[in-house]
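Some notes on the structure that comes next.
Chain A is the first sequence line, chain B the second, and so forth, proteins listed ahead of strands; every chain is numbered from 1.
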Protein chains: 2
Amino acid sequence: MLITSHDVARFAGVSQATVSRALRGDSRVSAATQDRVRRAAEALNYVPSEAGRSLSTRTTRRIGVLVSDLTNPFYPHLIGPLHDELERCGYRMMLLAERSDDALVTEQLLDHSIDGAVLTTTSTGSGLPDALRRKQLPFVFLNRVDGRDGVDGRNGADAAVVDNERGGRIAAAELAELGHRATGLLGGSDDTSTGREREQGFVAGLADAGIVLPDNRIRRGPYDFDTGYFGLSELLAADPSITAVFCGNDVVAIGAYNAALRAGVRIPDELTLVGFDDLPMASWEAFALTTIRYDLRAMARAAARLLLERLSGEAPDSAQRVVVDPELVRRGTHAPPLTAREER
Amino acid sequence: MLITSHDVARFAGVSQATVSRALRGDSRVSAATQDRVRRAAEALNYVPSEAGRSLSTRTTRRIGVLVSDLTNPFYPHLIGPLHDELERCGYRMMLLAERSDDALVTEQLLDHSIDGAVLTTTSTGSGLPDALRRKQLPFVFLNRVDGRDGVDGRNGADAAVVDNERGGRIAAAELAELGHRATGLLGGSDDTSTGREREQGFVAGLADAGIVLPDNRIRRGPYDFDTGYFGLSELLAADPSITAVFCGNDVVAIGAYNAALRAGVRIPDELTLVGFDDLPMASWEAFALTTIRYDLRAMARAAARLLLERLSGEAPDSAQRVVVDPELVRRGTHAPPLTAREER
DNA sequence: TCTCAGTGTGTATACGTATGCATTACAGCA
DNA sequence: TGCTGTAATGCATACGTATACACACTGAGA
């Protein structure tokens, strides 16, 4: 039923070992034999068994990718390029959902069905990175880190991230420049490195301009539509004087945009909105979102490269970190505050 | 370095076979021994090797999922529920991109690294389904089928789809009812079953109302933003009298919506737009898209169930097909044509 | 002619788990 | 006591590939 290398060997009149060597292009096998084996394999439609190979080589050429919620528009843009880069390097992607049930995920990661892992949605409280370190499963942080590194050298792990702090500063500088003083923040959860760093950068950037961000102008939540949608209403209810809001990412910003539409708040006249990520939908006419852009594809590719380098042993002992640069892209959701314009 | 069942056996003072049996809960192993083995495994942090198990059982509990483009917002909504249902049943998901390079994909599917496959983006010309049938790899169509079935009983394959033809009819009926006569179509590619069937249903539904759909009011393309965005401009340029457009899916419709915004065409006053799928973004205030809704999650779950039933041998010999029902959801992108309103 | 290096191939085994079959121990019964 | 049946466990092997090592053969050099 199942064609094995033994069948090919019999067909080609050689030993199973020779089949294995011939098909892998081992130079010790004569060209003539390689040819004969190749033709035999072709004739029998032979496909090497992945399980046998894994067992023998202790390697799977599979990478596990942990994501929390695929239907969040952000992740596909991360996973897509990651998948392509892995495939380009001969690796396959096993998609795993990060759920409350850590034990199951951990077991799936550690049963040697993958050579390494990419963690895209680590929260700072998670025990998973430490578990992987203990079990010596190579992994790389993508997008978020667990915030443990720096405390202790051994805890470092490879990571590909954007300079979130800088992104926050850029947004703050732009708002200050426009003349906004009453700014709000619809931030990511503060158990994510991205949420914390973007907020830190934003607060610091405002401070540079002599602006303080009081707690009642801050709402935080998961990076989803609802956080923006309901968060904006709450924010404006708590402090109607707010003229500009920096959002944790584009998905949150688009949630906020839609809440503004619903409430009849005109954008950008009455409210300035700035996002983060520059997803394709940010450039749609319907939103024309002013946002912080960075090269998401490059970031994903860097993560793949870091991990594969580590697997191949080419990587240095110390953890490597790729940080991509953010920049502001101005579209249609920013303007000076009304008051400033009236003063002119 | 690597802990195996032999290590556990030594530690617990039993044979490797007993370890295997005990951990799988074989009733022939006494309760006391099971306990001892479990504690030993725990103490050593034993995790059974997936490769060894696969080789021995000829089963992987992995399912390959083929998708063409993850960054298209439609697919995550298909993949997400699919992943969760597979995981609930103890299966893992291997994500494979369907690319031009069929040979590579085929090899990845046939190397026994997966027990079965889910095909989400089959085009009618693809040779892949036949290849899988020949190699007896169980698979299920999700969303699209290859259109070969019916020709010949053996070609049938399990499938979970929406009643596309009916969806097209519903859209046509609604547009006719509203009084539109000059209708356009921004359809999916005609090498997809969904594209063909939705178009057939739409044309038939229009015909029922005495309306014909000439070729110059039709544009087709991949189910993406650009097809809607550029397609609408082309359509209106070719025939400015068009008052309503049925779109192949929501992503296309949103592309069209944004093109209308750009061109200053007021929706729904000057142009009615109807989508298909009812993705979450269709209900965003910015679009409030009138569309054809169906239970995408249920469809994805059905595909998982069909495949897993087939794997377990519970499925009947003949192919099974789950068809979910579409319905119209009226939001803000439909209205009677201007001419009809002026006549009142 | 003998040795030696080099080349090409085969033999044997490892990888880790699952399972058919054999074996042991022991209880129940005649 | 001896026999049978059953419960619990061990032994041996299969699964398919990769590879260390052994071996055979060839031609060259002494």
Considering only [options], which nucleotide approaches the side chain of [X] most closely?
{"X": "S30(A)", "options": "dT9(C), dT17(D), dC15(C)", "result": "dT9(C)"}
{"X": "T4(B)", "options": "dT17(C), dT9(D), dT9(C)", "result": "dT17(C)"}
{"X": "R24(A)", "options": "dT9(D), dT19(C), dT19(D)", "result": "dT19(D)"}

Separation of [N] [atom2] from [X] [atom1] (nearest whole Å):
{"X": "D111(B)", "N": "dG16(D)", "atom1": "CG", "atom2": "P", "result": "14 Å"}
{"X": "I3(A)", "N": "dT17(D)", "atom1": "CD1", "atom2": "P", "result": "11 Å"}
{"X": "Q16(A)", "N": "dG10(C)", "atom1": "CD", "atom2": "P", "result": "11 Å"}
{"X": "D26(A)", "N": "dT17(D)", "atom1": "CG", "atom2": "P", "result": "17 Å"}
{"X": "R58(B)", "N": "dT17(C)", "atom1": "CZ", "atom2": "P", "result": "18 Å"}

Residues [X] and [Y]: side-chain donor-acceptor under 3.5 angstrom:
{"X": "S30(A)", "Y": "T33(A)", "result": "yes"}
{"X": "E50(A)", "Y": "S54(A)", "result": "yes"}
{"X": "T60(B)", "Y": "D115(B)", "result": "yes"}

Mind checking [X] for me? I need base, sugar-phosphate or nothing, with any heavy atom below 4.0 Å counting as a touch.
{"X": "V19(A)", "result": "nothing"}
{"X": "H6(A)", "result": "base"}
{"X": "S20(B)", "result": "base"}

Using only side-chain N and O atoms of [X], determine if any of them is under 4.0 Å from OP1 or OP2 of [N].
{"X": "R21(A)", "N": "dT9(C)", "result": "no"}
{"X": "R28(B)", "N": "dT6(D)", "result": "no"}
{"X": "T33(B)", "N": "dT9(D)", "result": "yes"}
{"X": "S5(A)", "N": "dG16(D)", "result": "no"}
{"X": "S15(B)", "N": "dG10(D)", "result": "yes"}

Could D35(B) and R38(B) be called an ion pair, given the rule that one side-chain N must be under 4.0 Å from one carboxylate O? no
Any chance you could measure [X], atom [atom1], to [Y], atom [atom2], to the nearest 0.5 Å?
{"X": "R53(B)", "Y": "S20(B)", "atom1": "CZ", "atom2": "OG", "result": "7.5 Å"}
{"X": "S15(B)", "Y": "R21(B)", "atom1": "OG", "atom2": "CZ", "result": "6.5 Å"}
{"X": "T4(A)", "Y": "L44(A)", "atom1": "OG1", "atom2": "CG", "result": "9.5 Å"}

For DNA chain C, determine which residues of residues 45-57 of chain A have any heavy atom closer than 4.0 angstrom to one of its atoms, and list them numerically.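 Under 4.0 Å from DNA chain C: L55(A), S56(A).
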